[in-house]
Amino acid sequence: MNILQSGRGELIQPFDLDEFREWNRTKKSRKLVDKLMSEQEAVSKFVHDGCYIGTELYGTVRAPMSLAREVVRQGVKDLRVCGQGVLELDLWLAAGLVKKLDITYIGLEVYGTSPSLRRAVESGQVESCVEWSNGAITWRMKAAAMGVPFLPTRSMLGTGTLEYSAAKVVRDPFTGLKVALLPALILDAALIHVHRADRYGNCQVEGISGFAFEMARACKRLIISAEEIVPTEEIRKYPDRTMIPYYLVDAVVHAPFGSHPGEMAYVYGRDETAIKEWVRMSKTPEGAKAYLDKYVYGVEDHQEYLDLFGPARLDQLIAERERRE
Amino acid sequence: MNILQSGRGELIQPFDLDEFREWNRTKKSRKLVDKLMSEQEAVSKFVHDGCYIGTELYGTVRAPMSLAREVVRQGVKDLRVCGQGVLELDLWLAAGLVKKLDITYIGLEVYGTSPSLRRAVESGQVESCVEWSNGAITWRMKAAAMGVPFLPTRSMLGTGTLEYSAAKVVRDPFTGLKVALLPALILDAALIHVHRADRYGNCQVEGISGFAFEMARACKRLIISAEEIVPTEEIRKYPDRTMIPYYLVDAVVHAPFGSHPGEMAYVYGRDETAIKEWVRMSKTPEGAKAYLDKYVYGVEDHQEYLDLFGPARLDQLIAERERRE
Amino acid sequence: MSEQPYSKNELMICVAARLFEDGTTCFIGTGIPMLAAMLAAKTTAPNLVPIFEFGGMGAILEDLPRAVGGARTFHKGLAASGICDTMETAQRGFVDYGFLGGAQIDPYGNLNSITIGDHDHPKARLPGSGGGNDVGSSCWQTIAIMQHQKRRFVPQVDVVTTPGYLTGPGAREEAGLPRGTGPAYVVSTLALMDYDPGTRRMRLKALNPGVTVEEVVGNTGFDLVMPGEIGQNAPPSAEELRLLRKEIDPEGLYI
Amino acid sequence: MSEQPYSKNELMICVAARLFEDGTTCFIGTGIPMLAAMLAAKTTAPNLVPIFEFGGMGAILEDLPRAVGGARTFHKGLAASGICDTMETAQRGFVDYGFLGGAQIDPYGNLNSITIGDHDHPKARLPGSGGGNDVGSSCWQTIAIMQHQKRRFVPQVDVVTTPGYLTGPGAREEAGLPRGTGPAYVVSTLALMDYDPGTRRMRLKALNPGVTVEEVVGNTGFDLVMPGEIGQNAPPSAEELRLLRKEIDPEGLYI
């Protein structure tokens with residue numbers, strides 16, 4: 001089982017499973033502690049300059065946008081960031097917060113490539129891009145969530161994606177098959193937006209789960225924002241719906257419309273007009289700055305941000321939600 | 001990444017991932033085909049002499065007991081069987097159907113060790129026992145479910161469990177940690193009992209999920225028994241509750257009280273009297289035979305089995321169910 | 001043959017839609033593949049099972065999804081799961097087709113969506129490998145959808161983001177990719193291409209209406225394999241156009 | 001001190017229950033550990049978080065579970081998940097304690113529940129490794145509950161099913177088991193044992209009421225480490241007995 005190939009990308013977040021275990025033993029209370037706080041408090045407590053951070057699900061879908069904007073507002077620097085992103089990572093790139101990327105996909109989906117990503121990478125502001133597939137980055141979190149140092153995959157083999165990653169190729173000792181080994185990814189901080197949580201952090205999600213299960217179990221600090229805060233009795237009534245148990249969680253933020261301008265399944269649809277405004281303005285650095293001035297720096301908090309759109313628009317988004325039928 | 005240690009147990013179900021992929025391509029329809037059939041038909045179609053078979057969850061909890069009894073009734077021979085079991089595997093052992101075991105735990109829980117297991121193994125009727133932990137056997141199925149040849153774990157290291165398994169120990173090439181590699185387990189046939197299914201095989205489970213998710217994705221033939229058959233509209237209304245999608249499924253059997261004498265969360269409690277009858281009778285080979293004569297060979301099908309208990313007893317079990325409150 | 005005027009995108013969507021086989025599972029990405037899948041489901045492939053990478057499976061596509069994780073990707077779906085489950089379903093061999101895009105494609109169907117120029121000092125930073133690499137590795141067959149331009153059909157992609165046939169026959173298997181997988185078609189703005197089974201190189205299969213072989217050759221940066229007979233893609237039928245314009249994309253986002 | 005009569009099992013349950021630390025997570029197996037966890041939750045450890053291997057987490061234990069997968073293991077629970085999630089939660093370092101049993105235990109706390117005699121031609125086939133191996137590998141501390149008999153407390157177990165300290169200091173780490181884990185206590189029908197930090201060998205800690213050191217030594221098949229001072233386990237209090245008999249096991253299944 002020799003190493004047949006090693007990707008030449010940097011492991012930008014080295015890991016130590018025994019140290020992670022020790023962290024989980026000493027820094028994560030098993031008691032039901034009230035963790036309800038504001039975006040400001042959560043981000044200032046648990047997101048630090050230089051930390052390795054990730055967001056879930058992505059940009060326009062169940063994304064922790066109120067938290068992502070707060071990260072920009074607090075000007076956290078030199079972030080190392082993983083994964084796929086649309087609006088949330090775009091904001092960070094445009095605001096110059098990002099130093100290194102474990103990148104899978106950053107773009108504007110139907111609206112094409114991301115000018116913010118291009119500017120940040122082509123100018124050298126982002127110092128390095130280590131490449132992974134969407135599957136691979138999630139499996140890296142799944143490895144950490146399982147408490148093991150790596151997971152094998154048949155993705156990435158034979159490609160430049162592997163060459164510019166930090167994966168290693170070996171032969172499976174049972175059947176002789178070649179597989180890529182993906183190193184565990186333990187984030188310093190993760191931001192996840194959910195449908196419902198209690199004040200201790202027990203969370204329920206509706207619709208697709210994206211990679212919430214994996215990311216919540218693969219981070220040292222976890223900030224949850226939730227559309228709704230529910231009594232713990234509601235959690236205990238449906239224990240089979242708990243995707244993220246409280247002991248994984250460090251902060252719970254009540255953020256109605258927290259995914260705006262993205263959508264929230266069964267709660268509200270996406271705000272196409274607001275999305276297009278970012279697409280249009282982010283084409284130039286000046287436009288991106290003007291957008292940030294208006295929607296991030298220019299407001300105190302998430303409520304003031306929502307006030308810029310007004311109740312009629314938000315009601316309209318509720319009307320356009322996906323329904324169970 | 002040399003092999004530091006190899007368990008000396010036999011890999012009693014060798015696997016080939018590319019052949020499994022080919023099977024999944026050609027033998028599993030993506031169309032919505034009506035798969036509703038009886039226990040008799042399902043078992044005779046998909047369970048064969050010598051096949052490698054598993055059951056979920058276990059013995060007294062959401063177990064496919066009506067299917068397990070049908071396997072005995074049809075006298076399928078030389079089974080290779082994995083895992084943990086209480087009543088279901090006990091019946092197979094007592095009936096002499098089992099040739100080899102990937103064993104984790106077979107016993108009678110609160111009622112102690114299993115006389116049927118002892119007789120079958122100590123007499124040499126079961127030819128070999130390969131040892132695994134409960135976690136390990138599930139991770140082996142999870143490997144198959146992920147489509148990869150192995151998963152690493154920090155369980156089993158340093159023990160006789162590993163020595164009598166087919167696992168291999170290597171050093172993680174990223175951090176130097178020792179891990180055990182568990183080979184994928186692809187079952188020939190799997191039996192899973194669920195709360196609800198539609199006639200195509202889309203399944204919902206309530207309460208704990210045990211290892212249903214993993215086993216359903218790690219087998220070539222999957223027989224589902226369900227307390228309730230629901231219209232597909234019900235599935236489409238709550239797509240986030242589908243634990244097993246239809247294309248994994250080969251047969252759907254409508255089996256109310258299918259887990260009897262075990263329990264079914266939120267539907268009915270366990271039948272302690274009936275469980276104790278097996279515990280008492282299985283102490284001797286003659287007793288076990290008498291039990292099988294009465295409850296398995298002596299009845300035509302699951303309905304006749306239930307008739308032996310009568311509606312009053314079954315209503316009592318419903319009254320004793322776990323409730324959401 | 002329909003005499004109605006139609007756009008290049010409408011034609012691409014129709015050509016792609018006709019490739020869907022009924023009763024198959026298919027990974028669908030944002031944009032053209034979504035429209036093609038919807039058109040196929042309404043015409044020749046009513047039992048098509050769309051799979052979206054973040055978890056949607058078996059949705060009824062009544063309204064055009066705008067994101068691969070949006071609620072429309074699991075609208076009345078048979079399952080709403082997560083990305084591990086969908087990717088592992090593909091890795092287990094359950095996904096028949098995958099639709100892919102990229103900035104560059106080469107004769108072996110390898111795609112690039114990472115960088116143009118040197119990886120570490122790129123001329124252009126593209127979105128990244130995304131789910132494309134997983135789709136191209138694990139689905140049985142992949143179909144690429146591309147603008148047909150010389151700068152996109154190149155002799156060698158700057159980075160192989162998504163594996164096609166890599167360096168030719170046997171190369172996928174040698175790399176460890178699942179047996180029997182690989183690119184099947186390229187749908188471009190000019191033509192439909194498949195791959196020569198012997199050399200695994202891209203082969204012209206059928207021309208779009210009004211397009212000549214010379215035009216295709218002139219817009220391709222490498223030698224296409226030329227078969228004995230070159231087919232013709234039928235233009236969009238009146239019914240296809242009606243469905244696209246009235247039911248699938250009434251807001252005209254793509255067509 | 002209570003003057004009430006009590007059974008051996010009642011005493012074991014009380015001694016075990018007093019070891020639970022409030023506000024910790026604990027893997028609970030069938031039988032005595034369930035009763036001990038319930039007693040602890042009603043007395044000294046109201047914030048105990050019980051975890052059952054097949055998925056139950058944070059249940060309120062109102063009625064005694066009879067199986068580790070039964071509905072009572074997730075009654076009003078905080079989560080009802082699956083075995084992978086619970087075992088991986090332990091593997092990540094989130095489970096503080098694990099309760100274990102076995103047919104044999106050795107001086108290093110290794111347990112055997114696979115076979116007595118030769119593995120391939122056993123004198124007695126036992127149930128198997130079960131979740132015990134995972135619990136003994138991944139939980140921070142484990143507590144074994146045993147009948148105290150010479151044939152059970154043996155110099156060397158026939159098979160190491162669940163790792164204790166293996167062959168002594170450093171052996172767990174050398175084998176690759178997570179740093180800082182290992183057996184903490186043995187609760188037996190005669191006494192409470194812990195482990196000598198230097199040699200990792202089992203050490204007598206406290207005697208059950210009415211039991212002498214000689215009795216313990218006579219029923220142990222190896223030399224126990226003897227500390228300078230040997231404690232005394234308090235008998236069940238009136239309140240402990242009331243809880244056990246009236247609330248926890250009113251049907252008298254175990255006590």
Side-chain angles (χ1 to χ4, degrees), chain A residues 15-33 141-149 151 184 186 197-205 209 212-214 216-220 222 230-249, chain D residues 20-27 41 45-52 54-62 69-97 134 137-141 172-173 176-182:
Chain A
F15 65 97
D16 177 335
L17 286 187
D18 278 330
E19 189 258 332
F20 186 44
R21 282 179 53 91
E22 197 65 50
W23 177 280
N24 290 337
R25 182 184 202 180
T26 57
K27 304 286 175 92
K28 295 286 197 177
S29 176
R30 283 76 159 123
K31 291 192 181 170
L32 293 169
V33 177
M141 292 185 228
K142 186 170 179 160
M146 293 177 67
V148 298
L151 284 179
I186 300 169
D198 69 8
R199 54 180 60 233
Y200 310 119
N202 291 295
C203 302
Q204 298 179 347
V205 164
S209 55
F213 184 94
E214 291 77 17
R217 285 157 176 77
C219 59
K220 291 187 168 177
L222 174 56
V230 298
T232 300
E233 291 66 46
E234 190 64 15
I235 300 293
R236 290 193 183 275
K237 191 168 177 181
Y238 300 102
D240 36 13
R241 314 264 168 88
T242 304
M243 167 169 294
I244 301 172
Y246 72 99
Y247 54 78
L248 300 171
V249 176
Chain D
F20 283 94
E21 208 180 329
D22 194 32
T24 57
T25 45
C26 187
F27 252 116
N47 300 299
L48 185 76
V49 183
I51 301 182
F52 296 89
F54 289 106
M57 296 192 199
I60 294 175
L61 299 175
E62 290 174 1
R72 291 173 180 181
T73 67
F74 52 92
H75 174 71
K76 296 183 185 174
L78 293 168
S81 182
I83 183 171
C84 284
D85 192 29
T86 60
M87 291 302 185
E88 293 161 11
T89 296
Q91 203 160 240
R92 275 200 323 280
F94 269 106
V95 184
D96 301 312
Y97 288 97
D134 305 299
S137 299
S138 284
C139 292
W140 286 102
Q141 302 199 303
R172 283 180 69 93
E173 293 72 11
L177 291 166
R179 194 170 61 206
T181 56

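In the text below, chain A, chain B and the rest are named by the order of the sequence lines, each starting its count at 1.
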Within the side chain of Arg236(A), is there an N or O that forms a donor-acceptor pair under 3.5 Å with the backbone of Lys76(D)?
-> yes
Check: Tyr246(A) and Val49(D) side chains under 4.5 Å, non-hydrogen atoms = yes
Contact list (residues 80-88 of chain D to chain A, heavy-atom gap under 4.5 Å, by number) returns Ala80(D), Asp85(D), Glu88(D)
With only heavy atoms counted, which part of Ile244(A) is less than 4.5 Å from chain D, the side chain, the backbone, both or neither?
-> neither
Which heavy atom of Gly77(D) sits nearest a heavy atom of Pro239(A), and at what distance?
-> O-CB, 3.4 Å
Under a 4.5 Å heavy-atom cut-off, does chain D meet the side chain of Phe213(A), its backbone, both or neither?
-> side chain
Can you say whether Asn202(A) sits under 4.5 Å from chain D via the side chain, the backbone, both, or neither, judging by heavy atoms?
-> side chain
Is a side-chain donor or acceptor of Arg21(A) paired with a backbone partner of Trp140(D) at a separation under 3.5 angstrom?
-> no
Quick one: closest heavy-atom pair of Glu19(A) and Arg179(D), and the distance?
-> N-NH2, 3.9 Å
With sequence neighbours left out, write down each residue that passes side chain to side chain contact (heavy atoms under 4.5 Å, CB included) with Arg199(A), or none if nothing qualifies.
-> Asp34(A), Leu36(A)
Report the distance from atom NZ of Lys31(A) to atom CG of Asn47(D), rounding to the nearest 0.5 Å.
-> 5.5 Å
Determine the option with the most heavy-atom pairs under 4.5 angstrom with chain A, choosing from Ala79(D), Ala59(D), Gly23(D).
-> Ala79(D)
For Tyr200(A), is it the side chain, the backbone, both, or neither that has a heavy atom closer than 4.5 Å to a heavy atom of chain D?
-> neither
Interface moiety of Glu233(A) toward chain D, non-hydrogen atoms closer than 4.5 Å = neither
Does Trp23(A) have Arg92(D) sitting over its ring (NZ/CZ under 6.0 Å from centre, angle to axis within 45°)?
-> no
Ring pair (Phe, Tyr, Trp, His ring centres under 6.0 Å) against Phe20(D), all qualifying residues, sequence neighbours excluded | Phe99(D)
With Tyr247(A), which residues qualify under ring pair (Phe, Tyr, Trp, His ring centres under 6.0 Å), at least two apart?
-> Phe94(D)
Minimum heavy-atom separation for Asp18(A) to Pro178(D), with atom names?
-> OD1-CA, 3.6 Å
Between Thr232(A) and chain D, which part of the residue has a heavy atom less than 4.5 Å away: side chain, backbone, both or neither?
-> side chain
Taking every non-hydrogen atom, the tightest pair across Leu78(D) and Ile235(A) = O-CG2, 3.7 Å
Value rounded to 0.5 Å, distance of OG1 in Thr181(D) from CZ in Arg25(A) | 9.0 Å
